[in-house]
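Here is the naming used below: chain letters follow the sequence lines, and residue numbers restart at 1 for every chain.
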Amino acid sequence: MTPDEEWDEGSPERLYVLTGGRSGSEDVGLDLVTLIVTRTPPQIGMQPEHQQILRVCESPLSVVEISAHLRLPVSIVTVLLADLLAEDRVEARAPAPSLPDIDIIKAVIHGLQNL
Amino acid sequence: MASRTSETVTGPRSEDALPSSTASAVKIVIVGGFGVGKTTLVRSVSEIRPLTTEETMTQASVSVDDLEGVERKRMTTVAMDFGRISIDDEMVLYVFGTPGQQRFWFLWNGLFEGSLGAVVLVDTRRLEASFDVLGRLEEAHTPFVVAVNAFDEAPTYSEAELRQALDLPDAVPLLHCDARSRESSKEVLLALMRYLYALATRTETAQTS
Ligand SMILES: Nc1nc2c(ncn2[C@@H]2O[C@H](COP(=O)(O)OP(=O)(O)O)[C@@H](O)[C@H]2O)c(=O)[nH]1
Ligand SMILES: [Mg+2]
């Protein structure tokens with residue numbers, strides 16, 4: 001199966017089923033780069049997409065990377081993550097504040113110089 | 001089509017795993033028109049194979065030929081590429097290549113608001129493609145630098161000509177780059193970060209005086 005065909009599975013009907021009809025607009029405070037880390041391993045009987053998230057987040061992984069690996073839009077991944085957060089199965093690490101913080105800027109400059 | 005099982009999702013390669021000590025992420029946005037080199041720049045600097053996220057947008061459209069004026073729904077898929085750079089054991093930087101059309105930006109909530117800043121990639125063959133982006137970033141108070149991507153056949157202008165054409169204040173850094181080169185692309189990100197540093201120290205001085 002080519003990646004293009006897999007994206008066809010992103011049809012609105014399928015996405016509606018995956019989220020039980022929830023729109024993804026309810027705000028659980030997740031950013032594109034909020035890091036998600038699994039707390040409890042996947043269990044038999046869980047929704048497959050929930051299991052996939054728990055599997056790929058054994059090491060910290062951003063919301064947008066989860067979206068790319070699962071080939072699901074971020075708006076859907078956010079809804080799935082809300083379920084896992086409510087059940088305490090994952091931990092969410094919020095992004096650094098975007099306000100100009102000298103220490104963060106210095107760290108990024110240093111990190112880029114080492115690239 | 002075979003039903004998807006959890007086995008079909010491979011996830012990140014083990015060598016791409018972030019250390020468990022990674023506490024927070026920051027982001028930089030590369031924005032520019034189609035074909036300007038966003039994906040190329042992201043690929044040049046990323047430590048992981050670049051990834052793509054897609055969002056579907058439903059647009060109401062009324063066909064002109066349609067005498068009844070019936071509203072139809074048109075689906076548009078908008079893709080965004082991104083890459084990743086480890087800063088240290090506790091911080092990771094994400095670099096997003098985002099389409100220039102502002103109507104797509106709302107698909108990813110907080111993309112610009114939550115970013116450290118932006119790089120506007122410019123192709124001198126289509127300078128006008130950048131006007132809208134520059135205006136929107138100013139409105140959103142997102143700090144940005146402008147990088148002119150070097151295409152072989154593209155006309156070359158002096159810095160003064162470019163600043164005038166783009167209506168760009170002297171304070172905003174303007175540089176040339178080759179998005180295919182890691183060194184050059186890295187310099188673009190560093191130019192943005194040094195500009196942010198200057199802005200941040202200026203703000204601190206202003207607050208303490
Ligand atoms: N000559 C030249 N070609 C480039 C440069 N950057 C990108 N390209 C080419 O321009 C085309 C479009 O680049 P791409 O990164 O896909 O643009 P995007 O639509 O902004 O993501 C590709 O064929 C690239 O190889 C550059 O700095 N110089
Ligand atoms: Mg692209």
For [X], which atoms come within 4.5 Å of any heavy atom of chain B: side chain, backbone, both, or neither?
| X | result |
| --- | --- |
| Leu115(A) | both |
| Glu58(A) | neither |
| Ala94(A) | backbone |
| Ile104(A) | both |
| Val74(A) | both |

[atom1] of [X] to [atom2] of [Y]: how many Å apart, nearest 0.5 Å?
| X | Y | atom1 | atom2 | value |
| --- | --- | --- | --- | --- |
| Asp31(A) | Leu111(B) | CG | CG | 8.5 Å |
| His69(A) | Thr10(B) | NE2 | OG1 | 7.5 Å |
| Trp108(B) | Leu32(A) | CH2 | CG | 8.5 Å |

Worked check of side chain to side chain contact (heavy atoms under 4.5 Å, CB included) between Val33(A) and Phe96(B) = CA-CA 11 Å; Val33(A) 299; Phe96(B) 291 92; 3.8 Å; yes
So which heavy atom on Lys186(B) is nearest to which on Gln113(A), and how close?
->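 Minimum heavy-atom separation between Lys186(B) and Gln113(A): NZ-O, 3.2 Å.
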Nearest atoms (heavy-atom pairs only) where Ala17(B) meets Ser59(A) =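 Nearest pair, atom of Ala17(B) first, then Ser59(A): CB-OG, 3.5 Å.
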Arg84(B) bridged to Glu65(A) by N-O distance under 4.0 Å =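 The answer is yes: the pair qualifies as a salt bridge.
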Determine the sole option in Leu93(B), Asp88(B), Ile85(B) for which the side chain to side chain contact (heavy atoms under 4.5 Å, CB included) test with Val108(A) is passed.
->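 Of all the options given, the one that passes is Leu93(B).
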Min side-chain heavy-atom separation Glu187(B)-Leu112(A) under 4.5 Å =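 Of all side-chain heavy-atom pairs linking Leu112(A) with Glu187(B), none is under 4.5 Å.
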Using a cut-off of under 4.5 Å for heavy-atom pairs, which of Leu116(B), Val26(B), Leu190(B) has the most such pairs with chain A?
->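 The answer is Leu190(B).
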